[in-house]
Amino acid sequence: MTDTLSLITSHNPADPSDVLLQIPAPGAFASIEAVERARAAQPGWLLGGAAARSTALGAVAAAIDTAGAELAELAVREVGKPLTEARAEVARTAAIWRYYAQAPYEPVGAVHETAAGPGLLLTRRRPHGVAGLITPWNFPFAIPSWKAAPALAAGNAVVLKPAPEATACARRLAEVVQRALPEGVFTALPGGAPEGGALVSAADVVSFTGSTVVGQAVVRDATVRGIPVQAEMGGLNAAIVLPDADIEQAAAHIAAAIAGYAGQKCTATSRVVAVGAALGPLREALREALRAIPVGDPADAATVSGPLIDERARDRASDAWHGLDVLTGGTVPDGPGWYAAPTLVENVPAGHGLLREEVFGPIAALLPADDVAHAVRLTNSVPYGLVTSVHTADLDAALCGLDGLDTGMIRINAPSTGVDFHLPFGGAKASSLGPREQGRAALEFYTAGRTYTLSPASAT
């Protein structure tokens, strides 16, 4: 394993001439060293007890609240997150730390009777050691937090490798967290593929969120080592609209899920399946709703759809609608910043890339379906299965007729975007590999179960 010198450069997507930072990548060996420091610090963190861990995580939550305005402005500048959404992410980040601050007091096992004779059987969950976390740029505070907080609550130490595009946000988050924790228990290590690969080679448990190709490689490498791993990857999410839906409400929800944060969420809607008579009214309502989405400077609190993260992402979005029937959008504004207009297309040929791979931009395809069964087949026809939104007034249709959907999450009469951090998060097929994230599921992932048999000593 050799280190190569490279630079990590972070640009403002709304003004690429604004460079937030440019620092040398630390290299693969720095990842190994960070894991070893964390491994040395972890036993003391665990043995410090539940009260110490709970207090520390609560202090992180309070510090994030205090620094909320600054953190939101940093997310706006570094990853182009619209200000209102950035503020909401920071508030949710504090809530995540506060939620897991109670976790150290939760039971870690159970007591059972033996099948025969005197004695007891105990089950107990213990931390793995060092959690290696590899996170994306689009939720620079929330995703690292919903991985790190449960790992720390359970008694692990953490080494975080953020996406290069969110390096400044990760470093600032690390400053906040490290003030509340003992030295070495939490480390944020900037870098790219070399640092991430080395982290997977050394950590005791790995959690990844990012692209499908990289996630599958992370799972393979971790599995070869025999360590627990989870990977949250792509989504090609559908919104199903039945004829009895409130069309105006459905259009508003779907437009927000297509264009919010320029579609740069794994839960964004990229396919809209209109069932039967819903097609005509939905086409018009959705076109108008997308046209009304405020696009512009992410520092403006009114903005809903800001810039894409970089030029390549902007070009990928514009390439996706090339040659298709565009109902609205389909333009790239002049001027600085990597912007693309919220776009709706129809008559997309079967096998088109837009129906196979995630664009990660503000574009969606409108697809007709003859009936509910046809809508389910269309929804299931892609390699991914993260989340589906369903818009209908018929509860039976929502709960029974759509039970064949092979997605990990179904949101009824709500946008596909949105995460409840106290419940399990994850998908099916190529969207997710390994155990679920968030809620109590996260605490189980970051611990290993043990079974103890306690038999009385023989009488002397």
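Small disclaimer: the values here were computed from a predicted structure and weren't measured.
- Formation of a donor-acceptor pair under 3.5 Å by the D221 side chain with backbone atoms of V200 is not found in this model.
- Each ring pair (Phe, Tyr, Trp, His ring centres under 6.0 Å) pair with one or both residues in residues 336-365, not counting sequence neighbours, appears once here: W137-F360.
- Identified under the side chain to side chain donor-acceptor pair (under 3.5 Å) test for residues 258-285, with sequence neighbours left out: E85-K265, T269-S416, R283-E346, E284-R287.
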Candidate pair I143 and N138, rule side-chain contact (heavy atoms from CB on, under 4.5 Å), full reasoning:
CA-CA 9 Å; I143 291 181; N138 59 336; 4.1 Å; yes
Test I412 against L399 for side-chain contact (heavy atoms from CB on, under 4.5 Å), laying out the working first.
CA-CA 9 Å; I412 299 170; L399 296 181; 4.2 Å; yes
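- With rounding to the nearest 0.5 angstrom, the CZ atom of F208 is 11.5 Å from the CG atom of L199.
- Heavy atoms only, all atoms of each residue included: V229 and A222 are closest at CB-CB, 3.6 Å.
- Between the side chain of D394 and the backbone N or O of D396, at least one donor-acceptor pair lies under 3.5 Å.
- Looking at heavy atoms from C-beta onward, P307 lies out of side-chain contact with D15 at the 4.5 angstrom threshold.
- Remark: of the listed residues P298, P342, P294, P362, P294 is the sole one forming a side chain to side chain contact (heavy atoms under 4.5 Å, CB included) with V304.
- Across L160, T135, I134, I96, a single residue satisfies side chain to side chain contact (heavy atoms under 4.5 Å, CB included) together with K147, and that is T135.
- Formation of a donor-acceptor pair under 3.5 Å by the N413 side chain with backbone atoms of T392 is found in this model.
- Using a 4.5 Å heavy-atom threshold, the side chains of L386 and E232 count as touching.
- No donor-acceptor distance shorter than 3.5 angstrom exists from the side chain of S431 to the backbone of K429, with no hydrogens or angles considered.
- Of all non-hydrogen atoms in G234 and E358, the two that sit nearest each other are CA-OE1, 3.4 Å.
- Listed here is the closest heavy atom pair of P140 and V79: CG-CG2, 4.1 Å.
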From CA spacing to verdict: side-chain contact (heavy atoms from CB on, under 4.5 Å), S207, Y446
CA-CA 9 Å; S207 181; Y446 289 112; 3.4 Å; yes
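- Under a 3.5 Å cut-off, the side chain of S305 and the backbone N or O of A259 do form a donor-acceptor pair.
- Between P415 and T417 the shortest side-chain heavy-atom distance falls below 4.5 Å.
- Few gaps surround CZ on R92; more than 12 heavy atoms of other groups in view lie less than 6.0 Å from it.
- Side-chain contact between V359 and L354 is present, with at least one heavy-atom pair separated by less than 4.5 Å.
- A heavy-atom distance below 4.5 Å is not found between the side chains of P13 and L308.
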Between F141 and I64, does a side-chain contact (heavy atoms from CB on, under 4.5 Å) hold up when you go through it step by step?
CA-CA 10 Å; F141 300 121; I64 289 171; over 6 Å; no
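- L74 CG to K81 NZ: the interatomic distance, rounded to the nearest 0.5 Å, is 12.0 Å.
- Applying side chain to side chain contact (heavy atoms under 4.5 Å, CB included) to I258 and the options I293, V272, I363 leaves one that passes, V272.
- Contact of the M233 side chain with the Q216 side chain is registered, since non-hydrogen atoms from C-beta on lie closer than 4.5 Å.
- Here T379 contributes atom OG1 and L405 contributes atom CG; the two are 5.5 Å apart, rounded to the nearest 0.5 Å.
- For I410 against L402, the heavy-atom pair with the smallest separation is CD1-O, 4.4 Å.
- A distance-only check finds no donor-acceptor pair linking the side chain of R171 to the backbone of A188 [under 3.5 Å].
- Here the CG atom belonging to L242 is positioned 10.0 Å from the CG atom belonging to D371, to the nearest 0.5 angstrom.
- The main-chain N or O of A301 is found under 3.5 Å from a side-chain atom of T84 such that the two form a donor-acceptor pair.
- Between L327 and D325, every side-chain heavy-atom pair lies at or beyond the 4.5 Å cut-off.
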Before you tell me yes or no, could you show the steps for H11 and T9 under side chain to side chain donor-acceptor pair (under 3.5 Å), namely the whole-Å CA-CA distance, both residues' side-chain angles and the distance that decides it to 0.1 Å?
CA-CA 7 Å; H11 296 270; T9 304; 5.3 Å; no
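- Formation of a donor-acceptor pair under 3.5 Å by the H128 side chain with backbone atoms of F445 is found in this model.
- In plain terms, the two heavy atoms of A285 and I247 that are nearest each other are CB-CG2, 3.8 Å.
- Taking 4.5 Å as the limit, some side-chain heavy atom of L279 sits within range of a side-chain heavy atom of L366.
- Distance check: S389 OG to H253 NE2 gives 9.5 Å after rounding to the nearest 0.5 Å.
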Should T388 and T407 be marked as a side chain to side chain donor-acceptor pair (under 3.5 Å) after you check the CA-CA gap, both sets of side-chain angles, and the distance that decides it?
CA-CA 7 Å; T388 302; T407 52; 3.3 Å; yes
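- Interatomic distance, L286 CG to R291 CZ, rounded to the nearest 0.5 Å: 11.0 Å.
- In terms of heavy atoms, Y100 sits closest to A442 at OH-CB, 3.7 Å.
- T343 contributes no side-chain N or O that, together with a main-chain N or O of G329, makes up a donor-acceptor pair within less than 3.5 Å.
- Counting only distance, with no hydrogens or angles, the side chain of E437 and the backbone of W146 share no donor-acceptor pair below 3.5 Å.
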